[in-house]
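Each remark here refers to the structure printed beneath this line.
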Amino acid sequence: MAVRTFLALDVDEGIRSGLVDASRRLEHCGADFKPVGLDNLHVTLNFLGDVADDLLAEVCSRAAGAAAEVENFDFDVRGLLCVPPRGPLRMVWADVTDPSGRMAKLQASLAEAMCGLGLRGEERGFHPHITLARIKYAADPQQFRQAVVELVDEDFGIQRAEELVVYASRLAPSGPVYTPLAKAALGK
Ligand code: 3AM
């Protein structure tokens with residue numbers, strides 16, 4: 001058996017509820033979308049795809065090893081953006097900035113550790129973000145993009161990253177269900 005797995009940073013509820021409020025403000029603005037639920041909002045660092053059961057313990061151990069090498073850090077959650085920036089709308093992201101550079105360092109070292117296990121993990125041009133909504137149909141994409149632009153400076157808060165979470169993702173008809181498999185503290 002295999003488990004669909006990804007590595008992520010959690011976000012405090014205060015920030016997540018601000019994000020849910022912001023996605024509500026985009027309703028009836030020209031696009032029909034599926035908002036990501038409050039419990040499913042996080043920063044994905046590495047999507048690993050299907051991981052064989054007998055490899056999971058090693059994934060968790062390597063994830064913990066990489067996490068231990070990066071000290072705690074703060075990241076900012078500010079502004080919404082449409083993805084992709086042009087062409088058919090697919091998603092709305094909250095932008096995440098990584099002033100210390102430690103998130104990028106953690107992501108790269110996890111990617112290297114996971115590739116060493118024969119797993120994917122390398123995201124081309126890693127752009128940290130929180131996915132807020134997936135667009136189903138945009139009747140008026142310009143109106144929707146404009147509504148998102150109006151939230152480009154919205155400040156959702158500063159998050160301290162203290163642990164890395166290994167998540168299992170189960171795809172259900174009502175949407176994905178994410179279950180933490182392991183948590184690893186950042187820093188030694
Ligand atoms: O949190 P975000 O939205 O960035 O998009 C999926 C989500 O990332 C991503 O893994 C996270 C948890 O599901 N994901 C799902 N399938 C993917 C794939 N085939 C994928 N990322 C890359 N390739």
Side-chain angles (χ1 to χ4, degrees), residues 1-13 15-20 22-24 26 31-52 55-56 59-60 62-63 66-67 75-85 87-98 102-115 117-136 138 144 148 151 156-157 159 161 163-184:
M1 285 287 283
V3 180
R4 198 167 186 268
T5 309
F6 67 97
L7 310 177
L9 299 172
D10 279 345
V11 181
D12 291 341
E13 183 158 3
I15 294 180
R16 286 185 286 124
S17 38
L19 292 170
V20 168
S23 74
R24 288 209 183 101
L26 296 172
D32 187 15
F33 61 84
K34 186 168 173 36
V36 175
L38 182 82
D39 293 338
N40 281 359
L41 295 167
H42 54 251
V43 181
T44 298
L45 297 182
N46 310 76
F47 176 77
L48 305 180
D50 286 333
V51 176
L55 211 53
L56 274 177
V59 163
C60 294
R62 290 195 182 203
F75 61 86
D76 303 302
V77 184
R78 174 189 280 272
L80 299 191
L81 63 151
C82 286
V83 178
L89 282 162
R90 288 178 44 232
M91 291 180 282
V92 179
W93 286 358
D95 208 4
V96 165
T97 50
D98 172 28
R102 289 184 192 158
M103 188 188 298
K105 186 177 158 206
L106 177 60
Q107 194 276 337
S109 100
L110 288 166
E112 195 183 332
M114 298 304 149
C115 289
L117 279 177
L119 297 170
R120 54 193 287 179
E122 190 68 71
E123 300 297 340
R124 263 183 303 151
F126 174 62
H127 181 147
H129 64 272
I130 299 169
T131 302
L132 267 199
R134 295 192 162 84
I135 314 291
K136 292 197 264 189
F144 189 76
V148 172
L151 295 171
F156 298 102
Q159 175 68 47
E163 62 183 16
L164 171 73
V165 187
V166 180
Y167 274 107
S169 163
R170 188 170 54 79
L171 299 176
S174 52
V177 179
Y178 302 146
T179 311
L181 297 175
K183 296 187 179 190

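Order of listing sets the numbers, starting from 1, for every ligand and every atom in it.
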Which protein heavy atom lies closest to atom 9 (C) of ligand 1, and at what distance to 0.1 Å? F47 CD1, 3.8 Å
Quick check against the 3.5 Å criterion: does R16 have a side-chain atom that pairs as donor or acceptor with the backbone of V11? yes
Nearest-neighbour protein heavy atom for atom 22 (C) of ligand 1, which is reported as residue plus atom name and distance: R120 NH2, 3.4 Å
Proximal atoms of ligand 1 relative to Y178 (non-hydrogen, under 4.0 Å): 12 (C), 13 (O)
Does at least one non-hydrogen atom of R4 fall below 4.0 angstrom from an atom of ligand 1? yes
Kindly give the heavy-atom pair with the smallest separation between F156 and G79, and that separation in Å. CE1-N, 3.9 Å
If hydrogens are left out, which of T44, N40, V43, V36 has an atom nearest to atom 11 (C) of ligand 1, that is, the closest non-hydrogen atom? T44
Could you check L26, D32, L89 and say which one makes a side-chain contact (heavy atoms from CB on, under 4.5 Å) with I135? L89
Just checking, any donor-acceptor pair under 3.5 angstrom between side chains of Y167 and N40? no
Under a 4.0 Å heavy-atom limit, does Y167 contact ligand 1 with its side chain, its backbone, both, or neither? neither
Is the shortest N/O to N/O distance between S169 and ligand 1 below 3.5 Å? no
If only atom types and distance count, is the side chain of D10 paired as donor or acceptor with the main-chain N or O of H42 below 3.5 Å? no
R134 contact mode with ligand 1 (heavy-atom cut-off under 4.0 Å): side chain
Has the side chain of D98 got a donor or acceptor atom that lies under 3.5 Å from a matching backbone atom of M103? yes
Can you give me the closest heavy-atom contact between A66 and L106, atom names plus distance? O-CD1, 3.9 Å
Numbered atoms of ligand 1 (with element) below 4.0 Å of H42, judged on heavy atoms: 1 (O)
Please report the shortest heavy-atom distance between F33 and S23, naming the atom on each side. CZ-O, 3.3 Å
Taking only heavy atoms of H129, which atoms of ligand 1 are found under 4.0 Å from at least one of them? 2 (P), 4 (O)
Top protein contact for atom 3 (O) of ligand 1, by heavy-atom distance: T131 OG1, 2.6 Å
